[in-house]
Structure formats: C-alpha cells, structure tokens
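Presented below is the structure to which this report refers.
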Protein chains: 2
Amino acid sequence: MTEESAAQTLAAVIAKLKSRNIRITPQREVILNYLITHHNHPDVETIYQGIADQLPNLSVATVYNTLKLFIDNDIIIELPSTDKDGSLHYDFFGVPHFHAICENCGKITDVFADEYSAINKQVAQLTRQQTNYQVTNSHLEVYGLCPECRQKLNLQKGTG
Amino acid sequence: MTEESAAQTLAAVIAKLKSRNIRITPQREVILNYLITHHNHPDVETIYQGIADQLPNLSVATVYNTLKLFIDNDIIIELPSTDKDGSLHYDFFGVPHFHAICENCGKITDVFADEYSAINKQVAQLTRQQTNYQVTNSHLEVYGLCPECRQKLNLQKGTG
DNA sequence: AGTTTGTTTAGAATCATTCTAGTCTTTTTG
DNA sequence: CAAAAAGACTAGAATGATTCTAAACAAACT
Ligand SMILES: [Mn+2]
Ligand SMILES: [Mn+2]
Ligand SMILES: [Zn+2]
Ligand SMILES: [Zn+2]
C-alpha cells in the first residue's frame, strides 16, 4: 500500500466516523493511522509502543477504549490470543480477508482470496435462514502449522 | 440426541484418546461427558458447577488442563468471550457447524448446514494454496443481532 | 461565560487463567 | 509383588490482560 492510498483510507474512515457523530481526537486518529499502516496484527501493548513517540501521555485505557469503538463501528476486527501470549490482537479490516493461525508458533497470516466474498455472502444467508439473526459481519480463522514450523517439526521428528 | 447415542459418542472419543496413549481419568471422563451432553457453549465456571456433584474435590486447574487437552486433540473448540463476560467458551465439536454470536446479549447460536462441509473444504484448500500452511481445522463466527435483541432494540427505538 | 456532554489520564481493582509444590495414581521395571 | 518413574490432580498463590474509577481536560451547546 502506498503512502497516498493509506492517507486516503484514513480520510475515508474519519469521514465515516464523523458521519456518525463520533469525535476525532488526536488519540483516535493516531491509533487509527497506526492500524491502517501496520498489518502485523498487533496486540494492545504493540500498538501502545508503536505510537509512544507521537502521543507521550497516552494511557493504555484509551487504547482499549478506542479499539472497542473501532470494533463497534466495524472498522477493525479482534483476533483470538495465539496461545503463546494471552492478549487479543487487532486488525484493520479494509479489504475483507481471513486468517491462518499457526498452532505451534502463534503466527497470524492473512489470506486474501476472491472467493472469500462469495463464501461470506453464502454464510450470511445460511445464518439468516437458520437463526433469523440480522448479520453484520463474520470472522473466519483457519488453524494449522505454518511452513516454518512444519519444517522444524518434521526435522525434529526425523532426528529424534 | 438420545441417551444412547451420547453414550456411543463418549465411548468413541474415549477410544480415540486411548489410541493416542492418553489416560482416561475419572475427571476427564466426567468433563468429556458434560461437554457431549450439554450444547450450551459453557465457560469454565459453568462446567465446574455442572459437575460439582459428581466430582466434589475437583480443582479448576484440572478443568483448564483437561479442556486444553481436548482442544489439542480436536475434540472440542474454544469460542471467543462474548463481550458481557470475559471468559472463553467451549463446545464439543462432534458434528461440524459454525456459530452466530449476538453482539448485544452475547448469545451463541449453533448453525448446522449441509453446505458448511463444502465451504470448509474450499477454505482449507485456499489456505493451503496461498500460505502453504498444513491445515488442521477452522472456526467460523458470524456476528449480528439475535431475533430477541432485534425486537427489543426496534421497540426501544420506536418508543424512545 | 457557563453548562453539559464526551474523552483522556493514571492508577487501582478485577478476575480469568496459569503456575507451583506437594500428593496421589497409574505404569513400568526387576 | 515392591520399588521407581511418569503422569495427573489439588489447593492456593501469582500473573497479567482488561476494566473500572475519579479527577482533569476538551469540545459542543445555550
Ligand atoms: Mn489480517
Ligand atoms: Mn456449537
Ligand atoms: Zn508456526
Ligand atoms: Zn441477543
């Protein structure tokens, strides 16, 4: 993603929030910008460290509050804690995608696929039909072994 | 599910565990049986309370340990904490299905659909192709408003 | 300018989960 | 069978991510 399109994305999301009468504070803008420009699925601590230079007096409570606000407005999603650490992870969800999570090292890998849009629609429809829920969004996580861990574990098996 | 098929299911899972040289202790059997016979997506506390009469000296640490064992052996799945409470939920995963989660009240609803098996296969294949992960399983959660909350919130909106 | 409403901060409090040390149980070995 | 080793359980302490609280700050409204 280029600098320019990140800026455009930021502007678009801010417009969306403003249209809902949500105030854009410096804290919110910096956190949002961090999430748009970092696709490493950070936890709260990582976000906090990553913007410490821009907001020296920031409170972690504000990070938590802001993330909750963004989640409620379907701007970011929350990902489960990947065994190794006990903290939740966050992800700007501009382009819909799903996640592969390594059961060995906890790595989270994006999966972008054209087919995902159709799958999503089908899932939403199935849910409406069977449960009468009003669907707003959905999360898909695929679990397994990442290539690195697969190799590592195979080698261990071979040597042990 | 009838009494008989629950017993059969229990026996089958126990056989699976034994075949992997995992010991079947009284605690494990009671917890497993609870999960097979209760499809209310309980958290640790609910499980603990639900079997207190059968295992008066049970430690919560054992519940945590046992649930982790079952997850690692793909017998149960873990579901995210549903906002209202901060605890994870567990679900015996005999018949594959996905979950609709109400963003208002936190209710978790099962969604069984014949199409899910095909979707699952497609997702696993997409993941393998694009990430080279070795896929073991996947979770799908659909978020939205349950029928009860939808009605409640519409009424409120109308009255407010 | 004063009032109301919403936001942030810093630190305390909560509480789900993990860890630890000691005990008990099962399996293995001789 | 007895002894030793490995595995599992318990009770309670420790951890640490998240939430809560009270006071200061900022913006919107009258
Ligand atoms: Mn992602
Ligand atoms: Mn279920
Ligand atoms: Zn890995
Ligand atoms: Zn609901």
Side-chain angles (χ1 to χ4, degrees), chain A residues 14 17-34 41-73 75-90 106, chain B residues 14 17-34 41-73 75-90 106 108 160:
Chain A
I14 287 176
L17 289 168
K18 276 187 177 159
S19 79
R20 297 178 188 185
N21 290 324
I22 292 166
R23 293 188 194 164
I24 308 303
T25 65
Q27 292 87 348
R28 287 175 181 176
E29 183 158 345
V30 169
I31 293 171
L32 178 56
N33 185 58
Y34 179 92
H41 309 97
D43 60 10
V44 166
E45 185 59 20
T46 305
I47 297 170
Y48 185 77
Q49 302 289 350
I51 59 184
D53 53 337
Q54 297 169 70
L55 295 170
N57 296 331
L58 181 67
S59 165
V60 283
T62 298
V63 180
Y64 280 100
N65 289 338
T66 302
L67 291 173
K68 192 160 291 168
L69 176 77
F70 291 164
I71 289 172
D72 288 345
N73 284 277
I75 289 163
I76 67 174
I77 62 169
E78 196 171 65
L79 292 168
S81 65
T82 61
D83 290 30
K84 303 293 166 182
D85 68 5
S87 59
L88 299 170
H89 295 247
Y90 298 89
Chain B
I14 287 176
L17 289 168
K18 276 186 178 160
S19 79
R20 297 180 187 183
N21 290 323
I22 292 166
R23 295 189 193 163
I24 308 303
T25 64
Q27 291 86 350
R28 287 176 180 174
E29 183 158 347
V30 169
I31 294 170
L32 178 56
N33 185 58
Y34 180 92
H41 310 96
D43 60 10
V44 166
E45 185 60 20
T46 305
I47 297 170
Y48 185 76
Q49 302 289 351
I51 60 184
D53 53 338
Q54 297 169 70
L55 296 170
N57 297 330
L58 182 66
S59 165
V60 283
T62 297
V63 180
Y64 280 101
N65 289 339
T66 302
L67 291 173
K68 194 160 289 168
L69 177 78
F70 291 164
I71 288 172
D72 288 345
N73 285 277
I75 290 162
I76 66 174
I77 62 170
E78 196 170 63
L79 292 168
S81 64
T82 61
D83 290 29
K84 304 293 167 183
D85 68 6
S87 58
L88 299 170
H89 295 247
Y90 299 88
I108 301 174

Report task. Report, as a single string ordered 5' to 3', how protein heavy atoms within less than 4.0 Å touch nucleotides 23-30 of chain D: B base, S sugar-phosphate only, - not at all. Result -> -----S--
Query raised in the report: If we fit an axis to the first five pairs and another to the last five of the helix from C:dA1-D:dT30 to C:dG30-D:dC1, what angle do they make, to the nearest 10°?
Result: 30°
Requested in this report: Could you grab the distance from atom OH of A:Tyr64 to atom CG of A:Leu88, nearest 0.5 Å is fine?
Outcome: 8.0 Å
Query raised in the report: Given atom CG of B:Asn65 and atom P of C:dT18, what is their separation to the nearest angstrom?
Result: 9 Å
Requested in this report: Using atom CG of A:Leu88 as one end and atom C1' of C:dA16 as the other, report the distance to the nearest whole Å.
Outcome: 12 Å
Query raised in the report: Rounded to the nearest 0.5 Å, how far does OG1 of A:Thr66 lie from CD1 of A:Ile31?
Result: 4.0 Å
**Report entry** A:Val44, nearest nucleotide to its side chain (from D:dT18, C:dT8, D:dA11)
**Finding:** D:dT18
Requested in this report: Compare the minimum distances between each of C:dT9, D:dT18, D:dA8 and the side chain of A:Tyr64, then state the nucleotide with the smallest one.
Outcome: D:dT18
Query raised in the report: Rounded to whole angstrom units, what separation is found between the CZ atom of B:Arg20 and the P atom of D:dG7?
Result: 18 Å
Query raised in the report: Hey, which of A:Asn73, A:Asn65, A:Asp72 is the one that makes side-chain contact (heavy atoms from CB on, under 4.5 Å) with A:Leu69?
Result: A:Asn73
Query raised in the report: Between atom CG in A:Leu55 and atom P in C:dT7, what is the gap in whole Å?
Result: 16 Å
Query raised in the report: Would you find a donor on one side and an acceptor on the other, under 3.5 Å apart, between the side chain of A:His89 and the backbone of A:Leu79?
Result: no
Query raised in the report: A:Ile47 versus A:Leu67: any side-chain heavy-atom pair under 4.5 Å?
Result: yes
**Report entry** Options C:dT17, C:dG11, D:dT10, nucleotide nearest the side-chain atoms of B:Ser59
**Finding:** D:dT10
Query raised in the report: Which listed nucleotide (C:dT9, C:dT18, D:dT10) is nearest to the side chain of A:Gln27?
Result: C:dT9
Query - A:Glu29 CD to C:dT8 C1', straight-line distance once rounded to whole Å - result: 16 Å
Report summary line: When rounded to whole Å, the CG to C1' distance for the pair A:Asn21 and C:dT5 reads 13 Å
Query raised in the report: Whole Å only: how far is the CD1 atom of B:Ile47 from the P atom of C:dT17?
Result: 10 Å
Query raised in the report: Which part of the nucleic acid, if any, lies within contact of A:Asn57, taking any heavy atom under 4.0 Å across all strands shown: a base, the sugar-phosphate backbone alone, or nothing?
Result: sugar-phosphate
Query - Validation row: A:Arg28, A:Ile22 side chains within 4.5 angstrom (heavy atoms) - result: yes
Report summary line: B:Leu67 CG to C:dA16 P, in whole Å, measures 15 Å
Report summary line: Closest of C:dT9, D:dT10, C:dT17 to the B:Ser87 side chain is C:dT17
Query raised in the report: Heavy-atom distance under 4.5 Å between the side chains of B:Asp43 and B:Thr46, does that happen here?
Result: yes
Query - Donor-acceptor under 3.5 Å (A:Tyr48 side chain, A:Leu58 main chain) - result: yes
Query - Distance test, side-chain N/O of B:Lys68 to OP1/OP2 of C:dT17, below 4.0 Å - result: no
Requested in this report: Determine whether B:Glu78 and B:Tyr90 make a side-chain contact, defined as any pair of heavy atoms from C-beta on separated by less than 4.5 Å.
Outcome: yes
Query raised in the report: Is there side-chain contact between B:Leu32 and B:Ile75, with at least one heavy-atom pair below 4.5 Å?
Result: yes
Requested in this report: Could you check which of C:dT18, D:dC9, D:dT10 has an atom nearest any side-chain atom of B:Thr25?
Outcome: D:dC9
Query - First encountered from the 5' end of DNA chain C, between B:Glu45 and B:Pro26 - result: B:Glu45
